[in-house]
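Just so it is clear, the model here is predicted, and its values are computed rather than measured. In listed order, ligands and their atoms are each counted from 1. Reckoned from all heavy atoms, side chains included, excluding hydrogens, waters and symmetry mates.
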Amino acid sequence: MLMEDADVLWYHTVEKLKREGIIRSEKVRQAFLKVPRYLFVLPEHKKWAHVDEPLPIPGGQTISAPHMVAIMLELAELEEGMNVLDIGTGSGWNAALAAELVKTDVYTVERIPELVEFARKNLEKAGYADRVHVIIGDGTKGFPPKAPYDRILVAAGAPNVPEPLVEQLKPGGKLIIPVGSYHLWQELYEVIKLKDGSVKVKRHGGVAFVPLIGEHGWKE
Ligand code: SAM
């Protein structure tokens with residue numbers, strides 16, 4: 001497939017998400033156009049990158065569907081200069097989009113070594129390797145060296161809200177995380193840390209993610 005074709009298909013996907021009211025802000029629309037999904041999928045799936053469905057990536061994992069990534073990024077309300085932690089790097093696409101929105105470095109944690117390599121290669125290709133730092137480890141423990149965070153985005157389903165992630169949020173910061181069952185049904189939580197350290201949870205409906213596996217998530 002010619003690159004031009006991929007760009008046209010991707011443009012139509014972004015415009016469709018906008019018409020559907022899933023992409024709500026111009027900055028998320030611009031980030032989506034600047035960071036096309038086809039740079040983050042396996043070569044054999046490039047022709048499907050514009051389709052609004054998850055796609056397989058190495059390690060038995062998935063790159064999330066464009067609408068899901070847009071919903072989470074709109075909820076996150078990322079602003080320039082924010083300190084963001086992204087958990088569940090996968091292909092690296094969401095981390096690159098976040099870096100495009102905050103215009104600064106983003107830290108992202110992945111537990112599967114094969115995906116760390118996959119994401120780093122994709123980020124290099126897309127021009128984000130210098131700003132998106134892929135860390136191998138258990139993201140349920142957060143990433144203390146760069147805490148506290150304005151935003152923490154989790155792209156895997158947890159049994160409950162991991163305590164270390166709340167601890168690593170700034171007061172006024174928020175965590176976007178799917179919480180629910182192991183087998184692909186969760187509710188999307190927006191966890192806001194209040195000034196006194198307590199949290200307020202807003203629920204944003206049913207979603208389907210792969211499990212968040214780790215010390216403060218599901219056991220392997
Ligand atoms: N955001 C990704 C993207 O843009 O391609 C898609 C993420 S995929 C749906 C979920 C990822 O979470 C998988 O790559 C999985 O290996 C990872 N994961 C699961 N548990 C994890 C943990 N405790 N720490 C870090 N990554 C984890």
Side-chain angles (χ1 to χ4, degrees), residues 10 28 31-32 34-42 45-46 48-49 51-73 75-76 78 84-101 106-123 125-126 128 132-144 146 149 151-165 168 175-186 188 207-220:
W10 182 240
V28 169
F32 263 62
K34 195 140 181 213
V35 190
R37 190 178 187 233
Y38 62 75
L39 295 176
F40 293 84
V41 300
L42 289 164
H45 294 143
K46 191 173 165 187
W48 307 115
V51 178
D52 194 10
E53 281 174 21
L55 281 171
I57 54 174
Q61 302 300 311
T62 53
I63 178 171
S64 305
H67 74 271
M68 197 65 252
V69 173
I71 288 171
M72 292 178 83
L73 286 174
L75 275 181
L78 298 180
V84 175
L85 178 65
D86 172 76
I87 295 170
T89 314
S91 68
W93 184 43
N94 189 59
L97 285 163
E100 185 51 41
L101 283 157
V106 165
Y107 293 82
T108 178
V109 187
E110 173 56 57
R111 63 183 284 273
I112 301 179
E114 201 184 349
L115 281 174
V116 170
E117 287 316 304
F118 181 64
R120 284 189 179 142
K121 281 194 194 126
N122 295 336
L123 289 160
K125 220 171 17 177
Y128 289 86
V132 177
H133 308 280
V134 188
I135 291 124
I136 180 137
D138 175 4
T140 68
K141 296 182 193 167
F143 184 55
K146 294 292 168 185
Y149 299 98
R151 300 288 185 265
I152 301 178
L153 310 175
V154 184
N160 39 52
V161 179
E163 200 46 49
L165 302 188
Q168 289 171 41
L175 161 66
I176 310 292
I177 183 169
V179 176
S181 72
Y182 184 93
H183 285 292
L184 297 176
W185 195 90
Q186 303 92 22
L188 189 59
V207 291
F209 277 85
V210 295
L212 182 74
I213 296 168
E215 193 177 320
H216 304 273
W218 297 101
K219 303 298 165 235
E220 243 177 303

*Asks:* Taking side-chain contact (heavy atoms from CB on, under 4.5 Å) as the definition, give me every residue that meets it alongside Gln61, ordered by chain and number, with sequence neighbours left out.
*Replies:*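 Gln61 satisfies side-chain contact (heavy atoms from CB on, under 4.5 Å) with Ile57, Ile112, Leu115, Val210 once adjacent residues are dropped.
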
*Asks:* Could you tell me how the ring of Tyr182 sits relative to the ring of Trp218: parallel (under 30°), tilted (30 to 60°) or perpendicular (over 60°)?
*Replies:*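 Rings of Tyr182 and Trp218: perpendicular, over 60°.
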
*Asks:* Under the rule for ring pair (Phe, Tyr, Trp, His ring centres under 6.0 Å), what residues qualify as partners of Trp185, not counting sequence neighbours?
*Replies:*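 Applying ring pair (Phe, Tyr, Trp, His ring centres under 6.0 Å) to Trp185 gives none.
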
*Asks:* Would you mind listing each N/O atom of ligand 1 next to any protein N/O under 3.5 Å, plus the distance?
*Replies:*
unit_1, atom_1, unit_2, atom_2, d
ligand 1, 1 (N), Gly88, O, 3.2
ligand 1, 4 (O), Asn94, N, 3.1
ligand 1, 5 (O), Ser91, N, 2.9
ligand 1, 5 (O), Ser91, OG, 2.6
ligand 1, 14 (O), Glu110, OE1, 2.7
ligand 1, 14 (O), Glu110, OE2, 3.4
ligand 1, 16 (O), Glu110, OE2, 2.6
ligand 1, 20 (N), Ile213, N, 3.0
ligand 1, 23 (N), Asp138, OD1, 3.0
ligand 1, 23 (N), Ile213, O, 2.6
ligand 1, 24 (N), Gly139, N, 2.8
ligand 1, 26 (N), Arg111, N, 3.4

*Asks:* Around atom NZ of Lys34, are there more than 12 heavy atoms from other residues, nucleotides or ligands closer than 6.0 Å?
*Replies:*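 Count not over threshold, so no.
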
*Asks:* With sequence neighbours left out, write down each residue that passes salt bridge (charged side-chain N to carboxylate O under 4.0 Å, His left out) with Glu114, or none if nothing qualifies.
*Replies:*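 Expected list: none.
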
*Asks:* Is the distance between the ring centroids of Phe32 and Trp93 under 6.0 Å?
*Replies:*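 Ring centres of Phe32 and Trp93 closer than 6.0 Å.
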
